[in-house]
Enquirer: 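Have a look at the structure that comes next, please.
Lettering follows sequence order; numbering is per chain, from 1. Side-chain atoms are counted along with the backbone in the values below, which use heavy atoms only and exclude waters and symmetry mates.
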2 protein chains.
Amino acid sequence: MTTSPRGGGKRPAPVPRVRLVDVAREAGLSKTTVSAALNGTGRLSDAVRLHARETARRLGYRPNASARLLRAGHARLIGYAVREYVDTPWSYMESPYFAQLTSASAQAALAHGYALVLLPTHSARDEWADLPLDAAVMADPLVGDPLVEDFLAARIPVVSDRRVEGRPGAHWVDVDHETAIRGVLDHLEAGGARRIGLVGAHSTSLFYEAGLTAYQAWCRERGFPPLVGLAPHPSTQATRAAIDLLLASPDRPDALFILIEDSPLSILDAIRAHGLRVPEDLLLACVSDDPMAGRTDPPITTLSLRPSEIATVGMELLINALESGDRTPTGRLVETRLEVRGTSRRGGGAEASGPPRTG
Amino acid sequence: MTTSPRGGGKRPAPVPRVRLVDVAREAGLSKTTVSAALNGTGRLSDAVRLHARETARRLGYRPNASARLLRAGHARLIGYAVREYVDTPWSYMESPYFAQLTSASAQAALAHGYALVLLPTHSARDEWADLPLDAAVMADPLVGDPLVEDFLAARIPVVSDRRVEGRPGAHWVDVDHETAIRGVLDHLEAGGARRIGLVGAHSTSLFYEAGLTAYQAWCRERGFPPLVGLAPHPSTQATRAAIDLLLASPDRPDALFILIEDSPLSILDAIRAHGLRVPEDLLLACVSDDPMAGRTDPPITTLSLRPSEIATVGMELLINALESGDRTPTGRLVETRLEVRGTSRRGGGAEASGPPRTG
DNA sequence: TTGAAAGCGGTACCAG
DNA sequence: CTGGTACCGCTTTCAA
C-alpha cells in the first residue's frame with residue numbers, strides 16, 4: 001500500500017486517478033493483459049478477460065484519453081470558427097445560417113467519429129495551439145484569412161464554406177454565387193423590377209464581394225443602374241440603415257435584394273417605415289435560411305444557401321483528406337435554393353412594363 | 001541527414017511531422033534546451049534561445065498537442081451537450097435559448113482558457129470516452145440523466161443548467177422556477193386573467209416539471225382551474241397542437257402562458273387561427289429569449305431565462321471546481337427577467353372583473 | 001548555461 | 001495465452 005493516498009487534510013486531496021497499472025496490480029495481471037482485455041484485442045482466456053474487466057469496473061478505471069491520443073497520433077478533434085463575425089464574437093449562433101452550419105458540422109463530424117471544438121471568431125494562434133486538432137472548419141473566412149494560413153502552415157487541413165485558391169490542405173465548399181445571384185435578379189426582373197437595389201455589407205468576407213461583383217456585372221449587361229447600400233457590418237441596425245439609405249434616395253429602387261441575412265420581420269419593418277407596400281410598391285428577395293421567412297405576411301422570397309448541405313459536403317471532403325493523408329485541395333459547389341414566395345410576386349400576375357431581356 | 005524523408009513516390013508520402021528532437025538535432029542542441037527556448041522557461045543565453053527559435057521557425061515546427069496534454073495532465077477541454085433534444089439531435093441551435101447558452105458557454109470557457117467540445121444530445125459513453133475532457137456542461141439534463149451519471153462516475157465534474165441533487169462533482173445553475181412562474185401568473189392575474197392556460201411539454205426535462213408543479217400549486221391557492229396543454233415534445237407543431245387543444249376546449253382560457261420556447265410569430269398565428277385577438281380576448285406570456293418577441297405586433301410579454309447569464313455563472317462554478325480540485329457540489333440561482341409587453345396589457349388599463357386576491 | 005534521462009499513461013510488438 | 005519492454009513527443013528534474 002505504498003501509494004495509497006492518505007486522506008488526512010481538510011481539503012479532499014486530489015484523488016489520484018486509477019491507472020492501468022493499478023488495475024493490473026490489483027488483478028494480478030500485467031498492463032498488457034488488462035489493456036487487451038478492456039479493448040477486446042489479443043487472445044485472452046475468457047476467465048482472464050472477465051477478471052480484468054471486473055477489476056477495472058470495481059476500481060472505477062477510466063483510460064486516460066490524452067495518453068491514448070498520444071499513442072494513436074490523432075485526437076479526432078476538429079476546430080470550428082466562424083470568421084465573419086470577427087468584431088462581434090459569438091453572436092453568430094443567432095444567425096440561422098450559422099446556427100445550421102454549426103450544428104450540421106458537429107453532426108457530420110460526429111458521424112465520422114470526430115468531435116467539433118468551438119473556437120472564437122478572432123482566434124489567435126495561442127487559442128488553439130494547445131488543442132490537438134486534426135483539422136479545422138473555417139466558416140466564412142476572410143480574404144487571405146490569417147487563421148487559415150496558420151492552420152495550413154501547421155499542416156492542419158482546413159475546409160471552408162467559401163471558395164479558396166487551391167493550396168495544399170485547403171478544401172472548400174461553396175455555392176455558385178454567380179448563378180445564384182443572377183437567378184434572383186432574373187426572377188425580380190421577370191416580376192417587373194427595373195431598378196433593383198442591393199444591400200450588402202462592407203466586410204472582408206468573400207460572400208459579399210462575390211455577391212456585389214455578380215450584381216454589378218448583371219446590371220451592366222442589362223443597362224440597369226447599380227443601386228448599392230453597404231452596411232459597415234452585417235447587423236440588424238446596420239442593415240436597416242443601409243435599407244433606409246437606399247429607400248430614401250431620390251432614385252428609389254423598385255425591388256430590393258438583401259444579401260445580409262437579417263431577421264425577416266426586421267426587414268419588412270424597415271421597408272414599411274418608408275410607407276411602401278410589399279410587393280405592390282417594392283419587390284423583395286432576401287438571402288436567408290430563417291424558417292421564419294416563410295411565415296411572415298407576406299411570406300418572403302428567399303435564396304437559401306443550404307448550410308446543412310454545405311456542412312455535410314465540407315465535412316466529407318475534410319474527412320476524406322484527413323484519412324487518405326492526401327493534401328491536394330478539393331472543392332465542391334452545392335446548389336442554392338430560390339424559394340419564391342409572396343414578396344416577389346405582384347398580385348399573382350406579371351406586371352412587367354416591358355419584356356425581360358433574354359440572354 | 002540520416003532521417004531526411006526522401007520524396008520519391010507519386011503520392012506525397014505522409015510527411016513525418018517535425019518533432020522537437022528534429023529541431024534540436026538541426027540546431028545542434030538538446031531537446032531540453034530547445035523546449036526551454038520555445039517556452040521561455042529556463043535560463044538560456046539569448047544567442048541560444050534565438051538560434052533555437054529560428055531553427056524551429058525555419059523547420060515549421062509545431063509542438064504536438066497530445067504529448068503536451070499527456071504531460072500536463074489536462075486538456076483544457078470541456079464537453080457540451082444539450083440533453084433535452086434527445087430525439088431531435090442538433091436542432092437545438094435554432095432555439096434562441098440554446099443558441100445563446102451555447103455561444104455564451106463557449107465564450108466563457110475560452111475566457112478561462114478552455115475550449116468547448118460539441119457532443120451529440122444522445123451521447124453515449126463511447127462518443128466521449130476517447131476525448132480528453134476535463135469537465136462537461138449538460139444543458140437541460142434529463143431526470144436522473146445517465147450521461148451525467150457517466151461523467152460523475154468518471155470523476156469528470158459537471159455543471160448543468162438545472163438544479164440537481166448535490167453529488168460530488170455535480171454543479172448547477174438554475175433559475176428560481178417557483179418565483180419566476182408565479183411572477184408571470186401574478187402578472188397575468190393582475191391583468192384580469194382568471195383562467196390561465198399553461199402549455200408545457202411531456203418531457204423528462206426538469207424544466208417543464210418544475211413549471212407545471214409551480215403552476216398547479218399557484219392555481220390551487222387561487223382556486224383557479226388548472227388548464228394544461230401538454231405537447232409530446234417541444235416542437236412548433238406540437239406546441240401549436242397543444243395550444244389548439246386548449247383554445248378549442250369548452251372552458252377556454254382567458255390567458256395563455258407558454259412554457260415551450262417557440263417562434264413568437266407561430267404562437268401568435270396559432271391563437272389568431274381561433275379568431276381570438278391578443279390581448280383583447282386572450283392575454284399571452286411566453287417563456288422566450290427570442291429577440292423577435294419584442295418586434296411582433298403586438299410585442300409579446302416574455303419570461304427571459306437569461307441563458308448568457310446562466311452560462312457565465314455555470315462556467316465560473318465549473319472552472320472553480322476544476323482548478324481547486326474541490327468536488328463538493330456548488331450551485332447558484334440566477335434571476336429571470338419578465339419583459340412586460342403588449343400581449344399581457346389590455347388597452348392600457350386594468351379590465352379586471354374582480355379584485356385580484358392577495359396573499 | 002546546457003544536456004541526459006526519467007517519466008506522463010497507454011498500446012503493441014515479440015518473446016516466452 | 002500472457003507479460004516484458006520499447007515506444008508516442010514533450011516537459012522537467014537534476015547533474016555536469
Enquirer: Respond yes when some side-chain nitrogen or oxygen of B/Y61 is under 4.0 Å from OP1 or OP2 of D/dG9, and no when none is.
Expert: no
Enquirer: Does any donor-acceptor pair link the side chain of A/T32 with the base of C/dA12 at a separation under 3.5 Å?
Expert: yes
Enquirer: Between P on C/dG9 and CZ on A/R17, what's the gap in Å once rounded to a whole number?
Expert: 9 Å
Enquirer: What integer distance in Å separates B/R62:CZ from D/dC8:C1'?
Expert: 21 Å
Enquirer: Over how many whole Å does the gap from B/R25 atom CZ to C/dA4 atom P extend?
Expert: 13 Å
Enquirer: Reading DNA chain D from 5' onward, which residue's closest nucleotide shows up sooner: A/V48 or A/K31?
Expert: A/V48
Enquirer: Just how far, in rounded Å, is P of D/dC8 from CZ of B/R68?
Expert: 18 Å
Enquirer: Given atom CG of B/L20 and atom P of D/dC8, what is their separation to the nearest angstrom?
Expert: 13 Å
Enquirer: Mind checking A/L29 for me? I need base, sugar-phosphate or nothing, with any heavy atom below 4.0 Å counting as a touch.
Expert: sugar-phosphate
Enquirer: Taking all heavy atoms of B/L152 and all of B/P168, pick out the closest pair and write down the distance.
Expert: CD2-O, 3.7 Å
Enquirer: What is the distance from CZ of B/R19 to C1' of D/dC8, rounded to the nearest Å?
Expert: 10 Å
Enquirer: May I ask you to decide if A/I78's main-chain N or O and A/D134's side chain share a donor-acceptor pair within less than 3.5 Å?
Expert: no
Enquirer: Rounded off to whole Å, could you give me the CG-to-C1' distance for the A/D130 and D/dC10 pair?
Expert: 12 Å
Enquirer: Classify the nucleic acid contact of A/S45 as base, sugar-phosphate or nothing, counting any heavy atom under 4.0 Å across all strands shown.
Expert: sugar-phosphate
Enquirer: Send over the distance from B/L69 CG to D/dT12 P, rounded to a whole Å.
Expert: 13 Å
Enquirer: NA contact type, A/V21, heavy-atom cut-off 4.0 Å: base, sugar-phosphate, or nothing?
Expert: nothing
Enquirer: Classify the angle between the aromatic ring planes of A/Y92 and A/F98 as parallel (below 30°), tilted (30 to 60°) or perpendicular (above 60°).
Expert: perpendicular
Enquirer: B/R49 or B/R71: which one's nearest nucleotide on DNA chain C is closer to the 5' end?
Expert: B/R49
Enquirer: Think B/N64 has a side-chain N or O under 4.0 angstrom from the OP1 or OP2 of D/dC8?
Expert: no
Enquirer: For B/R17 and B/R62, indicate whether the former's side chain and the latter's backbone hold a donor-acceptor pair under 3.5 Å.
Expert: yes
Enquirer: Output yes when A/E323 and A/R76 qualify as a salt bridge under the 4.0 Å nitrogen-oxygen rule, no when they do not.
Expert: yes
Enquirer: Choosing from C/dG3, C/dT1, C/dT11, which nucleotide comes nearest the side chain of B/S30?
Expert: C/dG3
